[in-house]
Amino acid sequence: MKKMEILEGSMAVTLAVKACKPGVISAYPISPNTHIVGALAKMVADGELDSQYVLSDSEFSAASIVYGASAAGVRSYTASSSQGLLLMTEVIYNAAGTRLPMVLTGTNRSISAPISIQVDHQDTLSLRDSGLIQFYVESAQEAYDMHIQAFRIAEDPDILLPVMICMDGWVLTHSYEPVELINQKAIDTFLPPYRPRHYLDPEHPLTFGSYAEDNVMMELKYMIQAAMDRAKGKIGDISSDFHRITGHAGAGLIETYGPEKADIILVGMGSLVGTMREAVDTMRADGISVGLIKVCCYRPFPGEAILGCCRNAEAVAVLDRGSSMGSEGPLSLDVKAALCNLERPHIFSFITGLGGREITTETIQKITEETMEAVKSRRILRGSQWVDLNRSIL
Amino acid sequence: MIPKTEEQELFAPGHRACPGCGEAIATRWILKATGTNVIVVSPTGCLETFTSPYMFSPWRVPWIHPLFENGAAVASGIEAALRYKGRSDIRVVVIGGDGATFDIGMGALSGMFERGHPVPYICYDNEAYMNTGIQRCSSTPLLASTTTQPSGRRSWGKDRPKKNMPAIAMAHDIDYVATASVSYPKDLYNKVKKGLTMEGPSYIQVHTPCCTGWGFPPEKTVEIGRLAVNTGLAPLFEMEGGELTSVHKIEKKAPVDEYLMAQGRFKHLFQSEEGRKEVAKVQRVAELNIERLGLL
């Protein structure tokens, strides 16, 4: 029986998290995560959700609280955004290093200064090197489905890493969309209670968080990398399981749209992809050979899958909602690395939509035209192109 | 009854602490008090470093080292998880250094106190950042020389008094606040036991002399600790419900000179007339403690 509801994105996340029955939830308020953490608090207050909800004194403590809960062998969840995610960063590295699974929602918002509460991806992109598995979602439905799968992925004994579902602030967290919910029985079948092999237990005392010298440091770090590599395959297995049990589309590493052999391929993440789909349709109607790749899983980075889709393209245009200052858009760097040593396609990097600046279908068409023009004139655009800068402010 | 050494040694020998390390002795006694049904959290510090070289561990109880500034928050999370599992019989205890407690971890500690987790937070106080090479902490006493606030032609060392952490803890209206000293192990043992009986958070600050950082011979640790208590510089007391409920009376009052002269970190005070005059300020700190707490 399909159950469709019109839900705010935040509520879709809340219902998914509730259905996953985390034993400990901890959070600190920051816009735009507040609807999520507030709704979970109300569920606990109303006795609808049997969780320990720990009100933290900072995002740093919230992450530390769920880290502690995970070490004690309990499923745990937190959500944050922007500055809050930066404050959590040290703990996220530590959780990955200690191999403690937990699920986090990153409601994307720009980083200060200048302060803004509007969406871009600078906050979550800055966590890319931490050992955190990251998915970027396009819709409330995807946010719902991905949160349920996130717990399975994080807790898989072959992975054991924190997993973050990144969703665009306001655009996804505060918009209402139809969402098809899954019944609790199916979720329980897909996601059994968390039974970790190693946790803090007086009956079997273990030492966590040891001091590592150079004789083991490389190996322990390599094991995180190896878990990330294994995760690529595991995500496929978990995704198939999810689809089989719930009938919903499972997690993918990437998703493609448009013709298989397009000349121009656009690459993007998050809610922006919805606009990109529309722009692709419009341009194809005008006879332009253009398709798109949605990067669903940013870490581990699906380089092989992207390579498989881009071999025949003339050019790839990557749209980043953040920048590695002094270098380029982080997503473009990854795409370039995936496609390195190939004669073609040429890869172009575009930075757009920072601090909530609107990205329209026209923006995307303009980016595509610029890419086509560069290919035609054999011009190599180095670095990132910052789209539609208002030069009078510079 | 305090268990005999051979009966319950939960902190195994063979760790890498300096000979004469006060906090190693304190930890051994703390674990005698907690028993086995405990989870210990140690934020970054000497204790973490010397007990956890990968693949070795003297901890015969479950133990976790998270980060420097989050010991209290991680303990809160573990406690919440145990409550969720219906295993509140298992106690969570933090054993953290003064840097992790007085300075960098104070926000998280305040949060844990305010939320009321039933966790005894035990601070081993060696009065500076010893693990990183004897740097000034807000726990460092007045006029002590450290590598980041050294004595010199224009400096007498620490220019501010020691932060009053027990008072800050008490300001959270928590159940129990106590100070202890490694030189009085039975008292330390009893205070940890008492902390474990509380329904809410407790704070126990243990004075743990550090021969390496303070500059005294390793065999003198207990003696130096006792001297600190008898000068009034390290008062031992208990507070419950905001009231002072017990003080350890000074057995034989010692002038602070005796304590200061025995340690390298204060030797600059005894190399000139002006330095000797500065010592009077330390004596005033001791007198104030004696008066406020009724130590005599």
Side-chain angles (χ1 to χ4, degrees), chain A residues 21-26 28 50-76 78 87-88 90-95 97-98 100 102 194 198-217 219-220, chain B residues 10 16 34-44 48-85 87 89-92 105-115 117 119 131:
Chain A
K21 304 174 181 170
V24 174
I25 298 168
S26 183
Y28 185 83
D50 176 29
S51 294
Q52 293 294 322
Y53 192 107
V54 185
L55 298 153
S56 78
D57 44 279
S58 70
E59 288 92 349
F60 181 82
S61 284
S64 301
I65 286 162
V66 295
Y67 165 102
S70 181
V74 165
R75 182 171 291 156
S76 58
T78 186
L87 200 52
M88 284 184 176
E90 194 187 357
V91 185
I92 290 170
Y93 270 85
N94 202 32
T98 316
L100 294 175
M102 58 179 71
Y194 179 42
H198 307 291
Y199 62 100
L200 295 165
D201 173 17
E203 273 157 40
H204 305 95
L206 293 173
T207 289
F208 282 67
S210 290
Y211 180 84
E213 304 219 18
D214 62 338
N215 59 336
V216 291
M217 183 57 98
E219 288 72 15
L220 292 171
Chain B
L10 298 174
R16 301 179 178 188
T34 63
T36 52
N37 205 23
V38 72
I39 293 169
V40 177
V41 181
S42 291
T44 308
E48 158 265 322
T49 310
F50 76 68
T51 62
S52 76
Y54 188 71
M55 289 193 244
F56 298 92
S57 177
W59 297 95
R60 288 174 176 157
V61 294
W63 178 84
I64 187 164
H65 158 248
L67 293 164
F68 202 173
E69 66 276 46
N70 67 355
V74 169
S76 303
I78 296 171
E79 190 276 321
L82 292 173
R83 217 172 335 137
Y84 174 74
K85 289 204 269 193
R87 291 301 310 269
D89 58 305
I90 302 170
R91 297 306 302 270
V92 187
M106 185 146 154
L109 178 55
S110 177
M112 187 194 91
F113 284 159
E114 189 275 332
R115 286 188 301 268
H117 298 271
V119 173
N131 190 35

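Values below: every heavy atom of this structure, side chains too, minus hydrogens, waters and symmetry copies. Order of the sequence lines sets the chain letters (A, B, ...), proteins ahead of strands, with each chain counted from 1.
Within the model, atoms CG of A:Asp57 and CE of B:Met106 stand 11.5 Å from one another, a figure rounded to the nearest 0.5 Å. We find the OG1-CE distance between A:Thr207 and B:Met55 to be 13.0 Å, quoted to the nearest 0.5 Å.
At a 4.5 Å heavy-atom cutoff, the contact between B:Arg16 and chain A is made by side-chain atoms alone. Both the backbone and the side chain of A:Leu200 come within contact range of chain B, each with at least one heavy atom under 4.5 Å from a heavy atom of that chain. Contact of B:Glu69 with chain A is made through backbone and side chain together, with heavy-atom distances under 4.5 Å. Residue A:Ser58: no heavy atom, backbone or side chain, is found under 4.5 Å from chain B. In this structure, the portion of A:Glu213 lying under 4.5 Å from any heavy atom of chain B is its side chain and not its backbone. For a residue to count as touching a neighbouring chain, one of its non-hydrogen atoms must lie under 4.5 Å from one of that chain's; by this rule A:Asn94 touches chain B with the side chain only. Proximity to chain B (any heavy atom under 4.5 Å) is restricted, for A:Tyr199, to the side chain, taken from C-beta onward. In this structure, no portion of A:Val66 lies under 4.5 Å from any heavy atom of chain B. Both the backbone and the side chain of A:Asp50 come within less than 4.5 Å of a heavy atom in chain B.
Side chain of B:Ser52 to backbone of A:Tyr211: a donor-acceptor contact under 3.5 angstrom is found. Of the possible polar contacts, one joining the B:Lys85 side chain to the A:Ala72 backbone as a donor-acceptor pair under 3.5 Å is found. Looking only at distances, a side-chain donor or acceptor of B:Arg115 sits under 3.5 Å from a matching main-chain atom of A:Leu55.
When the candidates A:Ser70, A:Pro205, A:Ala95 are compared by the number of heavy-atom contacts under 4.5 Å with chain B, A:Pro205 comes out ahead. When A:Val74, A:Asn215, A:Val91 are compared by the number of non-hydrogen pairs under 4.5 Å with chain B, A:Val74 comes out ahead. Chosen from B:Gly111, B:Ser57, B:Gly107, B:Pro66, the residue pairing most often with chain A at heavy-atom distances under 4.5 Å is B:Pro66. With chain A as the partner, the residue from B:Leu82, B:Val61, B:Val92 showing the most heavy-atom pairs under 4.5 Å is B:Val61.
Taking 4.5 Å as the limit, every side-chain heavy atom of A:Pro202 sits out of range of all side-chain heavy atoms of B:Thr36. Looking only at side-chain heavy atoms (C-beta outward), A:Tyr67 and B:Leu67 stay at 4.5 Å or farther from each other. Using a 4.5 Å heavy-atom cutoff, the side chains of A:Asp201 and B:Pro62 are not in contact.
Of all heavy-atom pairs spanning A:Val24 and B:Gly77, the tightest one is CG2-O, 4.4 Å. Shortest non-hydrogen contact noted between A:Ser64 and B:Asn70 is OG-ND2, 3.0 Å.
Atom OH of B:Tyr54 has 12 or fewer neighbouring heavy atoms from other residues, nucleotides or ligands inside a 6.0 Å radius.
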